[in-house]
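Accompanying notes for the structure given below.
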Amino acid sequence: MCGIFGFVGKHDALSTVLSGLSRLEYRGYDSAGTAFFDENDAINVIRTTGRVQRLTETAPKTNAGGAAIAHTRWATHGSVCERNAHPLSAGRVVLVHNGIIENFRELREELHYTPISETDTEIAAALIDSLYDGDPMEAIAKAQKRLHGSYAFAILFRDKPGVIYATRCESPLALMRTEQGSFLSSDPSAFPACGEYLVPQEHTIVEITADAIHARGEVKTAVLNKLDRSEGRQGYAHYMLKEIYEQPQALRRTVERYLVDGHVDFSQENIPDTLFDGIRHMHVVACGTAMHAGLVSSHLFRSLAGVEVTAHIASEFCDAGVLVDDDSLYVFISQSGETADTLAALRRVKAGGGRVLSVINRRGTIIERESGNVLHTSCGPEIAVASTKAFTAQVGVMYLLAIRMACARGRLDAQGESEAIASLLAGVDSVAPAIALHPQIAAMASRISKAKDVFFIGRAADYAIACEGALKLKEISYLHAESIAAGELKHGTISLIEPGVPSVAYLTRKQTCSRVLLSVQEILSRGGTVYLFATEDMEVPEGLDELVVCRLPAKEGAGAAFSAAVSLQLLAYETAKQLGMPIDMPRNLAKSVTVA
Ligand code: F6R
């Protein structure tokens, strides 16, 4: 979280960092700021609460060039106010920071430093200033020995105009040299051009001028092949809506990429079948929506590949002390490829010698680099904070993985493989007709938007869908939503059902039909309203008071997860829209969660 951008060049340093910053706004948007050298070689700092747009409106329109750094914030320490916005200054040092300085209180005491802001960052500026005797790299190197936590810093020294210093530990940082000058960014996709870029390794310190980048420490090179940019909202009211509507193509592209001559084939990613040899257990590790994609697909690994699966919340994985062993495969799912909790779990498994595979959307990211074995979702940039097309694509890749594992383990013959692929493709085909449910779902949303609490229920894979339904609704509509395994309702939560309280139920398996309908009846008996999403082949009662049925355009089975996903996304979107919420950038959230 937090985006940092920097530029040193002969022209337009300020406007260059402001436009770079706007491409990083997904990382945090509660406040923004910039620092730049003016024509007298003095550092100017401008900070605002709110979006980058506001900072751009406040900043002077002309700037002769030189060096500038900028920051978009997602608050961790200290409220959202101008005083806590970056850049933060102490003495001769002005810096921007992405990460968390864990020992900031201890350092404040050691240095007898009285901060102006409430942030954990300001002490880093004070520490570097206290160690500075004219050699910036030396001061930063000394400071690193005393800083605990994660950081990517871009630093200006008042007596070094035209130079940016930078370093990192855990948090991402990339550098690029072009004819116009030198860039630094939290995310290479914010660079203005494709081409080779540099990734400073942990604790490497770099000195960036218009003509050169000097490193003290190791720097690796990487290549940005494609500018992973969204081409705007293209007439849609929100990015989220655009991304929901892009799913038929995004999912098909993702799935078809790994279908070669009618078989699931991962050879283009160099994933050999031997990765699955002797696997007895799979651990799927991820956060939020990505974790729900793991949960939805768990059932497939059991039924198709005969492998037991546990889906873990990444932030719990380390604390819960999950064992790392030889006969397990650890699968990490991440759209952004840089979620800190997922990365920490990946590192733990790698340190324990476990077999690793990751499912990633964004290229060139840290989880991708550190995983080795990677399958990609091909959905293009996902801009809205609420994940939609990445979710269906992740489920698609997990479906393919289950089929490949089942074949490699001799659980599926050629005929079985064709049938499994056909049912996956039927699921892909159901996405476009599911989008056509939009008006019907909008009508449901107009009632749901008047509620305070909404309950989501389902069994097995439908419970995983319910978890995603509740998450999506609460993150963008701010209504309280809770997912409950349908069978668990009667063990406590049913006490919250009273007349008018809405519940949303998913039903895509005949095997669970009668039991889910029993839970539905129990809610109706207590005066609750149930919105039931059921596949077209499910026998459900019609004409009951307070039971609203929406038919998903799919037959029962694993592929139905795709149309169910679309329906819950549209329900959340329409509810939030009717409540007038800022759908693409909900309060307190950021697209990449890079703090643990
Ligand atoms: C919810 C959402 C988040 C992310 C989670 C993991 O709509 O987007 O819950 O799914 O933060 O992010 P990635 O997939 O980038 O690791």
Side-chain angles (χ1 to χ4, degrees), residues 1 3 26-29 74 172 186-187 189 228 238-241 243-244 247 250 254 284-297 311-317 331-347 358-371 374-377 379-398 456 464-465 467-478 481 483 565-566 568-573 575-576 581-596:
M1 281 154 154
Y26 70 89
R27 302 179 78 89
Y29 37 81
W74 185 84
S186 309
D187 176 349
S189 69
D228 203 10
H238 298 95
Y239 278 108
M240 181 179 177
L241 188 63
E243 288 159 9
I244 292 173
Q247 286 177 109
T254 297
V284 182
V285 190
C287 300
T289 288
M291 142 70 185
H292 295 154
L295 206 54
V296 169
S297 47
H312 302 269
I313 296 168
S315 57
E316 287 286 297
F317 184 83
V331 178
F332 298 85
I333 307 178
S334 177
Q335 186 286 128
S336 64
E338 59 174 342
T339 301
D341 290 322
T342 309
L343 178 62
L346 168 70
R347 286 180 171 166
S358 292
V359 177
I360 307 287
N361 190 45
R362 291 190 53 234
R363 307 300 174 102
T365 52
I366 190 157
I367 297 181
E368 185 189 41
R369 278 199 301 278
E370 295 197 12
S371 293
V374 178
L375 294 173
H376 291 99
T377 47
C379 19
E382 193 181 61
I383 305 295
V385 162
S387 185
T388 53
K389 60 179 178 171
F391 175 76
T392 41
Q394 286 159 350
V395 174
V397 168
M398 293 300 276
F456 285 76
I465 288 288
C467 292
E468 178 58 7
L471 175 66
K472 210 90 309 175
L473 186 70
K474 61 190 156 191
E475 70 175 319
I476 58 168
S477 74
Y478 312 158
S483 50
V566 171
L568 70 86
Q569 294 161 358
L570 288 169
L571 187 67
Y573 174 81
T575 307
M581 296 305 174
I583 291 178
D584 284 336
M585 291 190 178
R587 72 180 174 209
N588 305 341
L589 294 175
K591 187 71 186 156
S592 284
V593 185
T594 57
V595 292

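Quick note: residue numbers are just sequence positions, from 1. These values consider heavy atoms only, across backbone and side chains, with no hydrogens, waters or symmetry-generated copies. Whatever order the structure lists ligands and atoms in, that order sets their numbers, starting from 1.
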_Could you walk me through whether Ser592 and Tyr26 satisfy the side chain to side chain contact (heavy atoms under 4.5 Å, CB included) test, starting with their C-alpha distance in whole Å, then the side-chain angles of each, then the deciding distance to 0.1 Å, before giving a yes or no?_
CA-CA 7 Å; Ser592 284; Tyr26 70 89; 3.4 Å; yes
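- Inspection of the Ser387 and Thr289 side chains reveals no N or O donor paired with an N or O acceptor under 3.5 Å.
- Interface atoms of ligand 1 facing Lys472, defined by a heavy-atom separation under 4.0 Å, are 1 (C), 7 (O).
- The protein heavy-atom contact nearest to atom 11 (O) of ligand 1 is Val593 CG2, 3.9 Å.
- When heavy-atom distances to ligand 1 are checked against a 4.0 Å cut-off, Val385 comes that close only through its backbone atoms N, CA, C and O.
- Per-residue contacts place Glu475 under 4.0 angstrom from the following atoms of ligand 1 (heavy atoms of the residue considered): 1 (C), 7 (O).
- In summary, the atoms of ligand 1 found under 4.0 Å from a heavy atom of Ala290, numbered by their order in the structure, are 10 (O), 14 (O).
- Between the side chain of Trp74 and the backbone N or O of Arg27 there is no donor-acceptor pair closer than 3.5 Å.
- Between the side chains of Glu368 and His376, at least one donor N or O sits under 3.5 Å from an acceptor N or O.
- Proximity of Met291 to ligand 1, defined as any heavy-atom pair under 4.0 Å, is not found for any part of the residue.
- For ligand 1, the polar-atom distance check finds an N/O of Gln335 within less than 3.5 Å of one of the ligand's N/O atoms.
- By the 3.5 Å distance cut-off applied to N or O atoms, Thr289 is counted among the residues near ligand 1.
- Looking at Glu338 against ligand 1, nothing comes within 4.0 Å, counting heavy atoms.
- Using modelled atom types and a 3.5 Å distance limit, the side chains of Gln394 and Thr377 yield no donor-acceptor pair.
- Considering both main-chain and side-chain atoms, Thr342 never comes within under 3.5 Å of ligand 1 through any nitrogen or oxygen pair.
- Remark: ligand 1 atoms within the under-4.0 Å shell around heavy atoms of Ala386 are 7 (O).
- Remark: minimum distance from atom 5 (C) of ligand 1 to any protein heavy atom is reached at Cys287 O, 3.5 Å.
- Considering only residues two or more places apart in sequence or on other chains, Glu370 meets the salt bridge (Lys or Arg N to Asp or Glu O under 4.0 Å) condition with Arg347.
- No hydrogens or angles considered: a donor-acceptor pair under 3.5 Å links the side chains of Asp187 and Ser189.
- Protein heavy atom nearest atom 16 (O) of ligand 1, with residue, atom name and distance: Thr339 OG1, 2.4 Å.
- With respect to atom 15 (O) of ligand 1, the closest heavy atom belonging to the protein is Ser336 OG, 2.6 Å.
- Short contacts between ligand 1 and Gly288, defined as distances under 4.0 Å to a heavy atom of the residue, involve ligand atoms 9 (O).
- Side-chain atoms of Gln569 and Gln247 form a donor-acceptor pair, as typed in the model, at a separation below 3.5 Å.
- The six-membered or imidazole ring of His238 lies near that of Tyr573, with a centre-to-centre distance under 6.0 Å.
- Within the structure, the salt bridge (Lys or Arg N to Asp or Glu O under 4.0 Å) test picks out the following pairs touching residues 587-596 (sequence neighbours left out): Glu382-Lys591.
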